[in-house]
J.: 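Here it is, the structure, as structure tokens.
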Amino acid sequence: MAIASMTGFAREAGVTDSYQWAWEIKTVNGRGLEIRVRTPSGLDAIGEEARGQILKALSRGQGQLNLSLSRTSSAPKLRVNQEVLQSLLSAIGGLTLPDNVEPASLDGLLSVRGVVELDEDMIDPAQDEALAAALRGGVTKLIEALRSARRKEGLALAGVLNQQLDTIAALVTDAEACPARQPEAIRARLEAQIAELLDGKASLDPARLHQEAVLIAARADIREEIDRLRAHVDAARALLKEGGPVGRRLDFLAQEFGREANTLCAKANDVALSRIGLELKAVIEQFREQVQNVE
């Protein structure tokens, strides 16, 4: 199983009877899982149902789900209100018209307000069973498309993270092999510094000088940090190989990486080792930023 990104977008659209509809969802990274929903009036229940399905399908991320709905017919459908028309005819039938007044014509009756109505004003999309079924089916396809997009983004993300882990491992190896860590190198630097301070007027006992160099080397030893960093690299690679919702555990490892790198820099007793430590911190920070996008 591969890792998935929390960033993704999907759209599912269709036409059902006289309705044209479209689901759209966009997700970004987040500490937890939160999905907001926006639907046309009357379709709130379907929106909440879709939200529940998405919450079951995802583990982390913040998302916005939108449903748009419109009519496909270009001209509205009309209907005659029979009750109003019959009432009007009855009222006219009880009238006595003067000789010079013609009886009401059909077009005249139809022009009376309330006799002819727009049919679409009388239809509630929430009561359309075919539309509801189509929208539910669209949500299922939408979720699968979103998960596919997040997996695709996760595949690229895994490649970046593995490259960064390779760089971290290489820098740890460089730190371990740095000549400045050896007691002999520390002794030489210490001797040169003392000679500069004493200006050649006196010298320290070689045995004492070596002893001091060993003590400094012991205090500056980074073996424990190197071992922990390598263990963290192995653990991170195992999580990436395991896949699934491992973002929180990767984030924890990124924090541990940072702590060990900070300690290594604090113990650095040479410019070369300090430079390696700073490069290590920079790569670890990049790793931590990328991990924030992992589900």
J.: Does S5 offer a backbone N or O that forms a donor-acceptor pair with the side chain of R150 under 3.5 Å?
T.: yes

J.: Check this for me: R230, atom CZ, are more than 12 non-hydrogen atoms of other residues, nucleotides or ligands nearer than 6.0 Å?
T.: yes

J.: Could I get the full list of side chain to side chain contact (heavy atoms under 4.5 Å, CB included) partners for S59, not counting sequence neighbours?
T.: P245, E295

J.: Please find the pair of heavy atoms, one from A130 and one from D17, that lie closest to each other, and give the distance.
T.: CB-OD2, 3.7 Å

J.: Once rounded to the nearest 0.5 Å, what's the spacing between atom CD1 of I168 and atom CG of L171?
T.: 8.0 Å

J.: Is the shortest side-chain heavy-atom distance between T16 and D128 below 4.5 Å?
T.: no

J.: Checking L55 now: which residues fulfil side chain to side chain contact (heavy atoms under 4.5 Å, CB included) with it, not counting sequence neighbours?
T.: L33, I35, R51

J.: Rounded to the nearest 0.5 Å, how far does CG of L43 lie from CZ of R38?
T.: 14.5 Å

J.: Does this structure show an ion pair linking K267 with E224, if we count only N-O contacts that are shorter than 4.0 Å?
T.: no

J.: When you group the ILVMFWY residues by side-chain heavy-atom contacts below 4.5 Å and let the links chain together, are I46 and L69 in the same group?
T.: yes

J.: CD1 of I226 to CD of E176: how many Å apart, nearest 0.5 Å?
T.: 5.0 Å

J.: Could you check if a side-chain atom of E144 sits within less than 4.5 angstrom of a side-chain atom of T140, using non-hydrogen atoms only?
T.: no

J.: Just by distance, do the side chain of W23 and the backbone of L65 share a donor-acceptor pair under 3.5 Å?
T.: no

J.: I'd like to know if the side chain of R60 and the backbone of N29 have a donor-acceptor N/O pair within less than 3.5 Å.
T.: no

J.: Do you know the tightest heavy-atom contact between V139 and A50?
T.: CG2-CB, 3.6 Å

J.: Which distance, rounded to the nearest 0.5 Å, do you find between the CD1 of I284 and the CG of L253?
T.: 11.0 Å

J.: Just grab all the ring pair (Phe, Tyr, Trp, His ring centres under 6.0 Å) pairs involving residues 238-272, residues at least two apart or on different chains.
T.: H232-F257, F257-F287

J.: According to the side-chain hydrogen bond (donor to acceptor under 3.5 Å, both in side chains) rule, which pairs have a member within residues 155-172, sequence neighbours left out?
T.: D166-R237

J.: Rounded to the nearest 0.5 Å, what separation is found between the CD1 atom of I3 and the CG atom of L240?
T.: 5.5 Å

J.: Minimum heavy-atom separation for L239 to V246, with atom names?
T.: O-CG2, 3.9 Å

J.: Between G30 and Q62, what is the shortest heavy-atom contact and its length?
T.: CA-CG, 4.2 Å

J.: State yes or no: do V294 and V233 share one hydrophobic cluster built from I, L, V, M, F, W and Y residues joined by side-chain heavy-atom distances below 4.5 Å, directly or via other members?
T.: yes

J.: Going through the distances and angles, do Q255 and D251 end up as a side chain to side chain contact (heavy atoms under 4.5 Å, CB included)?
T.: CA-CA 6 Å; Q255 296 177 39; D251 187 40; 3.6 Å; yes

J.: Can a donor-acceptor pair be found, under 3.5 Å and without considering hydrogens, that links the side chain of S18 to the backbone of R71?
T.: no

J.: Atom CG of L131 and atom CH2 of W21: how far apart are they, to the nearest 0.5 Å?
T.: 8.5 Å

J.: Counting C-beta onward and ignoring hydrogens, is there a side-chain heavy-atom pair between I25 and L142 closer than 4.5 Å?
T.: yes

J.: What I want to find out is whether E256 reaches R228 closely enough, with some N-O distance under 4.0 Å, to be called a salt bridge.
T.: no

J.: Indicate every side-chain donor-acceptor pair of residues 271-283 with a distance under 3.5 Å to a residue at least two apart or in another chain.
T.:
| unit_1 | atom_1 | unit_2 | atom_2 | d |
| --- | --- | --- | --- | --- |
| S274 | OG | D270 | O | 3.0 |
| K281 | NZ | N262 | OD1 | 3.1 |

J.: Identify the two heavy atoms, one from P40 and one from L67, that lie closest to each other, and give their separation to 0.1 Å.
T.: CD-O, 3.2 Å

J.: For the hydrophobic clusters of this structure (ILVMFWY residues joined by side-chain heavy atoms under 4.5 Å, transitively), does one cluster hold both L157 and M6?
T.: no

J.: Would you mind reporting whether L58 and R147 have side-chain heavy atoms less than 4.5 Å apart?
T.: yes

J.: Scan residues 19-36 for pairs that pass salt bridge (charged side-chain N to carboxylate O under 4.0 Å, His left out), counting only residues two or more places apart or in two chains.
T.: R11-E24, E34-R36

